[in-house]
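Okay, so here's the structure we're looking at.
Residue numbering restarts at 1 for every chain, and letters A, B, ... go by the order of the sequence lines.
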Amino acid sequence: MALRVYNTLTRRKEVFEPLHPGEVRMYVCGPNLYGPTHVGHAMSYLVFDVIRRYLEYRGFRVSHVQNFTDIEDRIIETAREQGTTIEALAARYIERFLREMDALGVRRATVYPRATEAIPTIIEIVQTLVARGLAYASDGDVFFRVSAFPAYGRLSGRSLDEMQAGARIDVDPRKEHPMDFVLWKAAKPGEPAWDSPWGPGRPGWHIECSAMSTAHLGPQLDIHGGGQDVIFPHHENEIAQSEGYTGTSPFVRYWVHNGLLRLTEGEEKMTRHLGNIITIREALDRYHPDTIRVFVLSSHYRSPTTWSEDALAAAARGAERLRTAVETAEELLTASAASPAAAGAPPASAQRGPGPGLGGEDLSDAAASARATFEAAMDDDFNTPGALAALFELASAINRATDAIARGREAPGPERRAALRRSAAVLRELGDVLGLRLASSVTPVQVAGLHDLARELSRERPDLFDPARLEAIPAPAADQAAGAGAAHAEALIRYIAEGRMQARRARDWATGDRIRARLQGLGILVEDTPTGFKWRVR
RNA sequence: GGCGACGUAGCCAAGUGGCAAGGCAGGGGUCUGCAAAACCCCCAUUCGGCGGUUCGAAUCCGCCCGUCGCCUCCA
């Protein structure tokens, strides 16, 4: 089945065919660097990350360009307020942005061009537009002449007349037409400026994307993405500038726009100048990246979505369910591979395969059918809720199989083991297409809590918790990146959980339950199994 | 005011003409020292309201109610 993508320009789903077979050129509007990014940005970048991952899964080679807008009114204003330069401000937010994207598992773009590095290209584009009569200079500013570009308004679906009728802006008297927009702005005293044929100035608000996309991807893009709020005027203007400059149409084959995120039902979208934001950093402090992904992917990318604690909690449990299914299956395969029973001939009952009600009878088909459902959903304009449903169904099939094996207390036959292994691998693979890690991760706050708890226990119950062993646990190197402390956390948890097991073996349930409650207070769940214990992060 | 999108169970959310996916929560059961996880069973005769088209509509059309987006910086 062919991949179909909804194109904002035509308002229809269209079969996806890139300009050059097998190769996709994708440009996603990046952040304006005047402040921290919020979960609304995260949603957009997660959506396009999944689109890219799926295209690559489908065998396309993807060139993914994401710009940084590092020169613009608000940046100048903010830098001035903070007594810093636009360069320093931009550098700070770029670094933070990339760190946050990494934490969310957003794959790095192929290139991250910056507006200030594209000034010569911008000037060349503006000059060309002026030469072709598509732009005109006035007092050091240069405006785009919308009346000279007949297709203006097509993307946002309105005519120049309609736009004027609803316009709420004061018309600049220097404009020939109220909808003409600025390509180049004359510098005011004290503002950053570059020399140009029209005097010192800086780029307008939309021209940088035309310059950077053309420079890195050529005159035609396959996919151009962003939030629905940038359809007009930003993307509308980009079409006018780019096609006016290159003379090639269409500038973009598929315009893809994600729905916007709002903070509360019935309220406006989340946006920085309204102040109703949750920063990505705040979200990452509270939620596992998989939780944020499952939340975002639970609704279709074009639907408006509401950030709610309830929805995030549900997403957290859902992500956990997928993770548990894979981890349990993998542990079971590892454990049974190590046992002699699995190496030799399994009992006849296991060889015959599971009987009715034992589950697993459909396991060999489960992986294939999950993949088919997943692909059908993703092929239909990236229907991630449908794709997630396929993963949940596969997880259920895996759980039925592991449950049957655990209940049967017998080594599974080679065929069942192979089917289980395959199913778990497919769940991981398809999860990865959605950018899901399906692995626990412990936050620095939790590690600190674990440390305190371990110390406390070794002081109170040295009989169960050997202080010498605690001292022997190596602290993680200070310069290690986030996530590298995982081994350290693991060691602390094992230390605590093993002491707890000792108490339980002595049938000291009270101590065992108390420690379990303390760990749960840290967000770490310890479960007792016939063979020992398991832990995971909630 | 103009243009556009949406309204599906307690919550989140797929489904765009043929008997309502999935997740969370909830109820019952199995397992467990107790839990947790997992498994089994139950949980929308109904898709904002009212009309219409059709053998048949959550899905198409009309009107109404509600919410959001864009028209201005914005992912």
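Nucleotides B:U30 and B:G23, compared at atom C1', are 23 Å apart to the nearest Å. Taking atom C1' on both nucleotides, B:G66 is separated from B:U8 by 15 Å, rounded to a whole Å. Comparing the same atom, C1', in B:C65 and in B:A21 gives a spacing of 29 Å after rounding to whole Å. Comparing the P positions of B:A36 and B:G49 gives a spacing of 39 Å, expressed to the nearest Å. For the P atom pair drawn from B:C68 and B:G15, the interatomic distance equals 23 Å after rounding to whole Å. Rounded to a whole angstrom, the distance from the P atom of B:A44 to that of B:G22 is 13 Å.
Under the 30°/60° scheme for interplanar angles, the aromatic rings of A:Tyr27 and A:His224 are found to be tilted. Ring geometry for A:His38 against A:His41 counts as tilted: the plane angle lies between 30° and 60°, on a 0 to 90° scale. Note: A:Phe295 and A:Trp307 have perpendicular aromatic rings, judged against thresholds of 30 and 60 degrees for the angle between ring planes.
Side-chain polar atoms of A:Thr69 and A:Asn32 form no donor-acceptor pair below 3.5 angstrom.
The side chain of A:Asn383 lies closest to B:A14, out of B:C74, B:A14, B:C39. Of all nucleotides listed (B:A75, B:A35, B:G4), B:A35 comes nearest to the side chain of A:Glu527. Of the candidates B:A14, B:C34, B:C39, B:A14 carries the atom nearest the A:His300 side chain, counting heavy atoms from C-beta on. Listed nucleotides: B:A13, B:C73, B:A75. Nearest to the side chain of A:Ser299: B:A13. Picking from B:A14, B:U67, B:C73 the nucleotide with the shortest atom distance to the side chain of A:Arg262 gives B:U67. Of the candidates B:A75, B:C70, B:C73, B:C70 carries the atom nearest the A:Arg158 side chain, counting heavy atoms from C-beta on. Relative to the side chain of A:Asp403, the nucleotides B:A75, B:A38, B:A35 differ in distance, and B:A38 lies closest. Among B:A75, B:C71, B:A37, the nucleotide with an atom closest to any side-chain atom of A:Arg536 is B:A37.
Within the 4.0 angstrom heavy-atom criterion, base atoms lie near A:Leu261. Among the atoms of the strands shown, base atoms are found under 4.0 Å from some heavy atom of A:Gly40. Using a 4.0 Å heavy-atom distance criterion, A:Lys534 is classed as making no nucleic acid contact. At the heavy-atom level, A:Phe48 lies nowhere under 4.0 Å from the strands shown. Across all strands, A:Met43 comes closer than 4.0 Å to no nucleic acid atom at all (heavy-atom distances). Nucleic acid contact class of A:Asn399 (heavy atoms, under 4.0 Å, all strands): sugar-phosphate only. Here A:Gly225 lies out of heavy-atom contact (under 4.0 Å) with every strand. Within the nucleic acid shown, A:Thr402 has no heavy atom closer than 4.0 Å to any nucleic acid atom.
More than 12 heavy atoms of other shown residues, nucleotides or ligands fall within 6.0 angstrom of atom CZ in A:Arg11.
Spacing between atom CD1 of A:Ile231 and atom P of B:A5 amounts to 11 Å, rounded to whole angstrom units. Atom CG in A:Asp73 sits roughly 9 Å away from atom C1' in B:C73 (whole-Å rounding). Remark: C1' of B:C68 and NE2 of A:His257 are 17 Å apart, rounded to the nearest angstrom. Regarding A:Gln520, its CD atom lies at a distance of 13 Å from the P atom of B:A35, rounded to whole Å. The CD atom of A:Glu100 sits 14 Å away from the P atom of B:A75 (whole-angstrom rounding). In this structure, the CD atom of A:Glu327 is 12 Å from the P atom of B:A38, given to the nearest Å. Atom pair A:Leu160:CG and B:C71:C1' shows a separation of 13 Å (rounding to whole Å applied). With rounding to whole Å, A:Met501 atom CE is found 13 Å from B:G33 atom C1'.
Nucleotide B:G62 is matched to B:C50 when pairs are restricted to Watson-Crick or G-U wobble geometry with both distances under 3.5 angstrom. Base pairing analysis places B:A37 opposite nothing; no Watson-Crick or G-U wobble pair with both distances below 3.5 Å involves it. B:C55: Watson-Crick or G-U partner is B:G18, with both key distances under 3.5 Å. Across the strands present, B:C70 finds its partner in B:G2; the criterion is a Watson-Crick or G-U wobble pair with both atom distances under 3.5 angstrom. Nucleotide B:A9 has no partner under the Watson-Crick or G-U criteria, as no pair reaches both atom distances under 3.5 Å.
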List the steps and the verdict of salt bridge (Lys or Arg N to Asp or Glu O under 4.0 Å) for A:Arg500 and A:Asp508.
CA-CA 9 Å; A:Arg500 172 175 174 270; A:Asp508 181 1; over 6 Å; no
Step-by-step salt bridge (Lys or Arg N to Asp or Glu O under 4.0 Å) determination, A:Asp432 to A:Arg53:
CA-CA 8 Å; A:Asp432 185 63; A:Arg53 284 168 183 266; 3.6 Å; yes
Kindly determine whether A:Glu14 and A:Arg4 satisfy salt bridge (Lys or Arg N to Asp or Glu O under 4.0 Å), including the steps that lead there.
CA-CA 5 Å; A:Glu14 298 172 352; A:Arg4 292 173 357 118; over 6 Å; no
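Between A:Tyr301 and A:Tyr6, the distance separating the two ring centers is not shorter than 6.0 angstrom. Taking the six-membered ring for Trp, A:His206 and A:His235 have ring centres at least 6.0 Å apart.
A close approach under 4.0 Å does not occur between any side-chain nitrogen or oxygen of A:Arg11 and OP1 or OP2 of B:A5. The side chain of A:Ser159 contributes no N or O atom lying less than 4.0 Å from OP1 or OP2 of B:G2.
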Using a cut-off of under 3.5 Å, enumerate the N/O to N/O pairs linking the protein to nucleotides 21-28 of chain B.
unit_1 : atom_1 : unit_2   : atom_2 : d
B:A25  : OP1    : A:Arg317 : NH1    : 2.6

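The cationic atom of A:Arg74 (NZ for Lys, CZ for Arg) lies less than 6.0 Å from the six-membered ring centre of A:Tyr34 and within 45° of the ring axis.
The 5' end of RNA chain B is approached more closely, in terms of each residue's nearest nucleotide, by A:Arg516 than by the other of A:Arg516 and A:Gln228. The 5' end of RNA chain B is approached more closely, in terms of each residue's nearest nucleotide, by A:Tyr6 than by the other of A:Tyr6 and A:Leu525.
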